[in-house]
Amino acid sequence: MENLTLPQERIRAQLQSLYHSFGSRIEASDFNACPVEQVGVMVRAAAAESCGKCTPCRVGLAELARAIDGVLDGQRPAKCLREQAQAIYESADCAIGYEAAAFVLWALDVFHADFAHHIAKRDCLAERIELTPCVSGCPAQVDIPGYIALTAAGRYADALALVRKDNPFAISCAYICTHPCELRCRRADVDDPVNIRAIKRFAADHADAQDQTMGQQGSEPDGAKGAHFELPATGAHTREAVPKPAAELRSALAKAASTGKRIAVVGGGPSGLSAAYYLQLMGHQVTVFEAREQLGGMLRYGIPAYRLPREQLERELDDLAASGYQVRCNTRLNAAADLSAFDALYLSIGAHGESDLGIAGADLPGVVSAVKMLRAVGDGELPDLSGKQVVVIGGGNVAMDCARSCLRFGASQVSIAYRRREIDMPAEAEEVARAKEEGVRIFELMAPVSVALDESGQANGLIVKPQITSTTQGSRASIAPSEQPEVKLNCDLVVAAIGQQIESGDFADWGLSLKRGRIQTDAQGRALIEREARPVCPPAHSAVQADSPQMSSAASWQPPSASAPIAPTHDLPPIFAGGDCVRGPQTVVAAVADGKLAARAIDDFLGFDHRISCPVKIPEASFKSRKYYARSNERHRQSDDLVGDLQVSELTLLPEELCQEAGRCLRCDHYGFGAFRGGRQDEW
């Protein structure tokens with residue numbers, strides 16, 4: 001027994017804590033970091049794991065790390081680095097060695113220009129944009145530390161106004177944003193990322209309150225006594241004595257003088273309305289053309305009311321409409337449309353088409369697409385699924401929305417059939433968890449084969465083929481059919497939630513360049529034209545007054561180069577595009593970012609240089625606590641009977657939770673970047 005040794009539990013626990021801390025730092029790493037330096041960090045981490053048995057791993061990885069240091073100093077050619085990594089890859093005994101070498105070989109190809117620039121100039125490839133980590137992770141680059149500080153001070157309307165400087169859909173995103181900003185939150189180096197979206201949700205839910213007695217003076221976690229937070233009876237930060245209209249309180253952005261320009265926006269979703277809102281603030285007159293009865297796009301026709309309450313959506317749309325843009329609903333444009341009166345056109349038609357299920361029986365009664373179901377729900381046509389069994393095909397957020405909605409429409413049982421593993425689902429993990437908590441069953445590794453029929457020709461089940469995992473493709477495992485027999489999932493309704501298509505066929509007649517239905521654009525969002533380019537001059541009536549403080553001189557306008565995308569006919573103005581019709585189906589905040597980019601690009605094209613800023617004064621940063629605090633997460637309403645329950649399921653934070661969560665923000669805009677590295681963009 002004296003030769004038998006067991007690992008000490010204390011050491012094992014401490015190492016586990018060390019690995020967890022290291023992993024958190026890697027996950028929260030800034031995208032602006034030098035890739036060559038990061039490769040060196042990863043190689044050293046692998047070298048620390050080496051058991052020392054084989055020379056390529058024990059000695060080779062350490063030498064490889066030193067070689068990367070030589071590249072950083074401009075003293076080592078990339079060829080030697082590649083040869084060294086290749087030798088380790090071919091001779092190392094275990095995955096620690098050969099996978100680290102493979103990572104370096106991959107990095108040499110992907111970051112070739114960075115390595116070459118370091119060798120030649122002994123410096124990074126180019127000056128990188130230094131933004132606060134959470135801001136750089138947000139597609140719309142919202143001033144997140146700023147609105148967290150305002151919310152902590154009880155200035156909720158100011159917080160929403162600051163958000164709308166970069167994202168007009170502040171309220172909607174407070175409910176349904178996928179919060180990619182939290183992935184970069186530096187608080188992860190301490191304990192857990194700040195619950196950024198929940199803080200914005202608190203501001204959105206309280207911005208209409210005229211009495212600001214809930215201002216949180218003690219937003220610092222140190223102000224807590226145990227788990228109890230003392231809220232001041234009166235807030236230190238109060239609104240003006242004279243109440244203002246709610247819409248004005250939520251939008252402190254100034255509107256420029258009229259420019260006389262007219263802009264057409266096709267599509268009334270998040271991207272189109274974002275562009276319309278900002279262009280209107282810049283002084284241009286915008287007309288929004290929407291093919292459906294109501295505005296909102298996928299916010300109305302894709303997001304269920306239990307996630308985004310319709311009254312909140314209407315509140316937001318009213319706020320944005322106060323900027324003054326005109327709306328024409330039930331208006332579908334085609335190649336025959338006369339748009340010659342407009343100076344520019346922005347296409348943001350989204351992705352509202354149905355994807356073909358591609359299996360036998362997909363066109364039979366009892367089979368419906370998720371797009372069609374959610375579209376009807378958006379128009380107030382709620383299906384009655386009382387007592388029915390439903391199977392949803394797909395693994396994205398839309399599939400989760402359909403499954404949870406069917407429970408609320410009375411379905412007795414709802415199942416999801418997904419051809420890959422549950423861990424491979426593209427849906428947000430929290431959405432999958434909510435669906436399972438509400439009773440949705442998930443059948444993973446089940447590929448649809450056909451729709452089963454009863455004697456009357458009605459769908460009564462879905463035939464699926466069990467799958468097994470195979471080789472990996474990127475971060476997801478591919479699948480292959482197993483030898484198990486096909487299985488029938490009994491149901492009365494099959495919902496196909498396998499993605500949306502872009503209905504861009506009408507715009508092909510305009511000469512736009514399309515690829516798999518997506519409109520092709522350049523880096524500025526200008527639509528590419530398949531027909532031969534011709535010079536484009538600004539309209540004769542577009543002369544700019546040089547003495548206007550909001551406008552640049554007309555002499556600064558330069559005609560596009562011969563290769564620049566231009567409109568195919570004299571009847572169409574210059575065309576820009578963005579949102580899902582360019583990216584493919586993505587998130588709301590990504591569509592908003594495209595609308596913001598389009599507004600900037602159109603304003604520049606017309607010869608102006610308007611700037612969007614917010615005059616809200618952000619509270620000064622103060623030293624933050626270094627204590628560890630667990631993240632405060634949103635609660636969810638519990639309901640014994642979900643049928644007919646379309647009320648919002650996610651609850652906002654409690655006031656004392658808001659105090660603690662906002663106080664966890666490290667104010668990286670000041671301490672991490674601040675004036676030294678330009679952590680805040682006051683205008684765009």
Side-chain angles (χ1 to χ4, degrees), residues 298 301-304 306 351-379 381-422 424-427 431-432 434-436 438-467 479 481-482 484-501 585 642-643:
M298 277 299 177
Y301 296 105
I303 307 295
Y306 65 83
H352 296 267
E354 304 173 16
S355 294
D356 184 11
L357 190 54
I359 62 174
D363 55 348
L364 296 173
V367 182
V368 64
S369 72
V371 173
K372 185 176 294 184
M373 171 183 283
L374 294 176
R375 184 185 302 162
V377 172
D379 285 329
E381 303 172 8
L382 307 183
D384 182 8
L385 302 179
S386 300
K388 293 186 177 181
Q389 293 179 302
V390 180
V391 172
V392 179
I393 303 174
N397 287 327
V398 173
M400 302 303 143
D401 287 340
C402 285
R404 297 176 66 189
S405 296
C406 287
L407 290 175
R408 289 161 171 79
F409 299 148
S412 60
Q413 185 180 84
V414 179
S415 305
I416 291 177
Y418 185 56
R419 63 194 185 99
R420 299 181 186 270
R421 301 172 300 173
E422 180 180 325
D424 298 321
M425 284 182 167
E431 292 301 316
V432 177
R434 295 287 87 75
K436 294 171 70 174
E438 292 179 356
V440 176
R441 301 188 305 172
I442 296 180
F443 293 100
E444 60 180 356
L445 292 171
M446 292 291 184
V449 175
S450 63
V451 177
L453 307 177
D454 59 16
E455 296 178 353
S456 63
Q458 181 78 16
N460 71 346
L462 178 69
I463 306 299
V464 295
K465 175 68 175 177
Q467 307 289 301
I479 57 172
S482 72
Q484 299 299 311
E486 295 178 351
V487 179
K488 178 182 178 182
L489 304 179
N490 294 322
C491 64
D492 304 296
L493 178 67
V494 176
V495 180
I498 57 172
Q500 301 103 265
Q501 297 296 320
L642 290 173
V643 178

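Numbers here simply count residues along the sequence, with the first being 1. Bear in mind the structure is a predicted one, so any value in this text is a computation, not a measurement. The analysis underlying the following values was restricted to heavy atoms, covering all of them including side chains, and did not include hydrogens, waters or symmetry mates.
Residues L407 and E438 share a closest heavy-atom pair of CD1-O, 3.4 Å. Across A459 and V367, no two heavy atoms sit closer than the pair CB-CG2, 4.4 Å. Residues I416 and G394 share a closest heavy-atom pair of CG2-O, 3.1 Å. Scanning both residues, M298 and H352, for their nearest heavy atoms gives CE-ND1, 3.7 Å. The two atoms that bring V464 and P448 nearest to each other are CG1-CA, 4.1 Å, heavy atoms only. Heavy-atom minimum distance, M400 versus G395: CE-O, 4.1 Å.
Geometric assessment of R408 against the ring of Y306 yields a positive cation-pi assignment under the 6.0 Å and 45° thresholds.
Within 6.0 Å of atom CZ in R419, 12 or fewer heavy atoms from other residues, nucleotides or ligands are found, so the atom counts as exposed in its surroundings. Other residues, nucleotides and ligands contribute only 12 or fewer heavy atoms inside 6.0 Å of the NZ atom of K436. By the 6.0 Å contact criterion, NZ on K488 is enclosed, its count of non-hydrogen atoms from other residues, nucleotides or ligands being greater than 12.
Within the model, atoms OG of S369 and CG of L374 stand 8.5 Å from one another, a figure rounded to the nearest 0.5 Å. Taken from CG in D356 to CD in Q501, the straight-line distance is 9.0 Å, to the nearest 0.5 Å. The CD1 atom of I479 lies 11.5 Å from the CE atom of M446; values are rounded to the nearest 0.5 Å. Residue I393 holds its CD1 atom at 7.5 Å from CD1 of I498, rounded to the nearest 0.5 Å. How far CG of L489 is from CG of L462: 5.5 Å, rounded to the nearest 0.5 Å. With rounding to the nearest 0.5 angstrom, the CG atom of N397 is 11.0 Å from the CE atom of M425.
In this structure, the side chain of D492 engages the main chain of Q389 through a donor-acceptor pair within 3.5 Å. The backbone N or O of K388 lies less than 3.5 Å from a partner atom in the side chain of S412, making a donor-acceptor pair. Formation of a donor-acceptor pair under 3.5 Å by the D454 side chain with backbone atoms of S456 is found in this model. Although no hydrogens or angles enter the test, the distance criterion places a donor-acceptor pair under 3.5 Å between the side chain of E444 and the main chain of E422.
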Stepwise side chain to side chain contact (heavy atoms under 4.5 Å, CB included) test for Y301 and V371: CA-CA 8 Å; Y301 296 105; V371 173; over 6 Å; no

Dump the intermediate steps for side chain to side chain contact (heavy atoms under 4.5 Å, CB included) on L493 and M373, then the final yes or no. CA-CA 12 Å; L493 178 67; M373 171 183 283; 4.2 Å; yes

Determine, stepwise, if the pair F409 / V377 fulfils side chain to side chain contact (heavy atoms under 4.5 Å, CB included). CA-CA 10 Å; F409 299 148; V377 172; 3.7 Å; yes

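At least one side-chain heavy atom of P426 sits under 4.5 Å from a side-chain heavy atom of Y418. The shortest distance between side-chain heavy atoms of V432 and I442 falls below 4.5 Å.
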